[in-house]
Amino acid sequence: YFDTVVTKERHSDYAALAERKKTLLEARVAEPDSSDTTTVDPAREQFLLAQTYLLSMDDVDRALSEYEKVLTDYPDSDYAPKALYGIAWLKRYRLADPGWREQMMNLIETYPESPAAKKALEMIADEETEGKDL
């Protein structure tokens, strides 16, 4: 009896759900379903994958990697400035990386009319105000 028992690595429900989400998103980015009548925006899907890694799995490194893919693969999409903002935000608040300011300036210069650029200006202004209060 004991030699027929198969041991299986157990995953929490959370990990299994996160893995399914990742697999589904990657499948939609790689090859949209031809029976789907809606069009799939690969930039949006890539951005959502980054958001999933950040918000659902708290995997900052993987989220950064996925945000960078949005920038390199879809630089003209509406999601590129959002991804650049996400990178800068993570560097500032989660990684304490001083390179966040450079990322924000790049966002402002590259996508000056985007809502993300406006938020970047606000973040820089807030940081300068906080520095003066000290």
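This one's a predicted model, so the numbers in the text were calculated from it and none came from an experiment.
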Taking all non-hydrogen atoms of both residues into account, name the closest pair between [X] and [Y] and its distance.
| X | Y | answer |
| --- | --- | --- |
| P81 | A116 | O-CB, 3.6 Å |
| Y111 | L71 | OH-CD2, 4.4 Å |
| A63 | A50 | CB-O, 3.6 Å |
| T72 | P75 | O-CD, 3.8 Å |
| D41 | Y79 | OD2-CE1, 3.6 Å |
| P42 | Y74 | CB-OH, 3.3 Å |

Review point. Rounded to the nearest 0.5 Å, how far apart are OG1 of T129 and CD1 of I124?
Key: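 So the gap between those two atoms works out to 12.0 Å.
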Check your understanding: Rounded to the nearest 0.5 Å, what separation is found between the CD atom of Q103 and the CG atom of L107?
Key -> 9.0 Å
Review point. Within a radius of less than 6.0 Å around NZ of K69, do more than 12 heavy atoms belonging to other residues, nucleotides or ligands occur?
Key: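 More than 12 heavy atoms, drawn from other residues, nucleotides or ligands, come within 6.0 Å of this atom.
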**Study point:** Neighbour count >12 (heavy atoms, 6.0 Å) for atom CG, D78
**Key:** no
**Study point:** Residue that, paired with Q46, satisfies side chain to side chain donor-acceptor pair (under 3.5 Å) out of E66, Q51, E68
**Key:**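 Looking at E66, Q51, E68, the match for Q46 under the side chain to side chain donor-acceptor pair (under 3.5 Å) is E66.
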Check your understanding: Would a 4.5 Å heavy-atom cut-off, applied to side chains only, mark L54 and R94 as touching?
Key -> yes
Point to revise | Contact check, side chains of Y93 and M123, non-hydrogen atoms, under 4.5 Å | key: yes
Check your understanding: Checking side chain to side chain contact (heavy atoms under 4.5 Å, CB included) for the pair L49/Y67: CA distance, chi angles, key distance, verdict?
Key -> CA-CA 9 Å; L49 182 59; Y67 281 136; over 6 Å; no
Practice item. Could you give me the CA-CA distance, side-chain angles and deciding distance for L64 and Y53, then say whether side chain to side chain contact (heavy atoms under 4.5 Å, CB included) is met? Key: CA-CA 9 Å; L64 279 172; Y53 277 114; over 6 Å; no
**Study point:** side chain to side chain contact (heavy atoms under 4.5 Å, CB included) between R92 and M104, intermediate numbers included
**Key:** CA-CA 10 Å; R92 180 176 185 198; M104 288 294 186; over 6 Å; no
Exercise for review: Could you check W100 against M105 for side chain to side chain contact (heavy atoms under 4.5 Å, CB included), going step by step and ending with a plain yes or no?
Suggested key: CA-CA 9 Å; W100 74 269; M105 296 308 293; over 6 Å; no
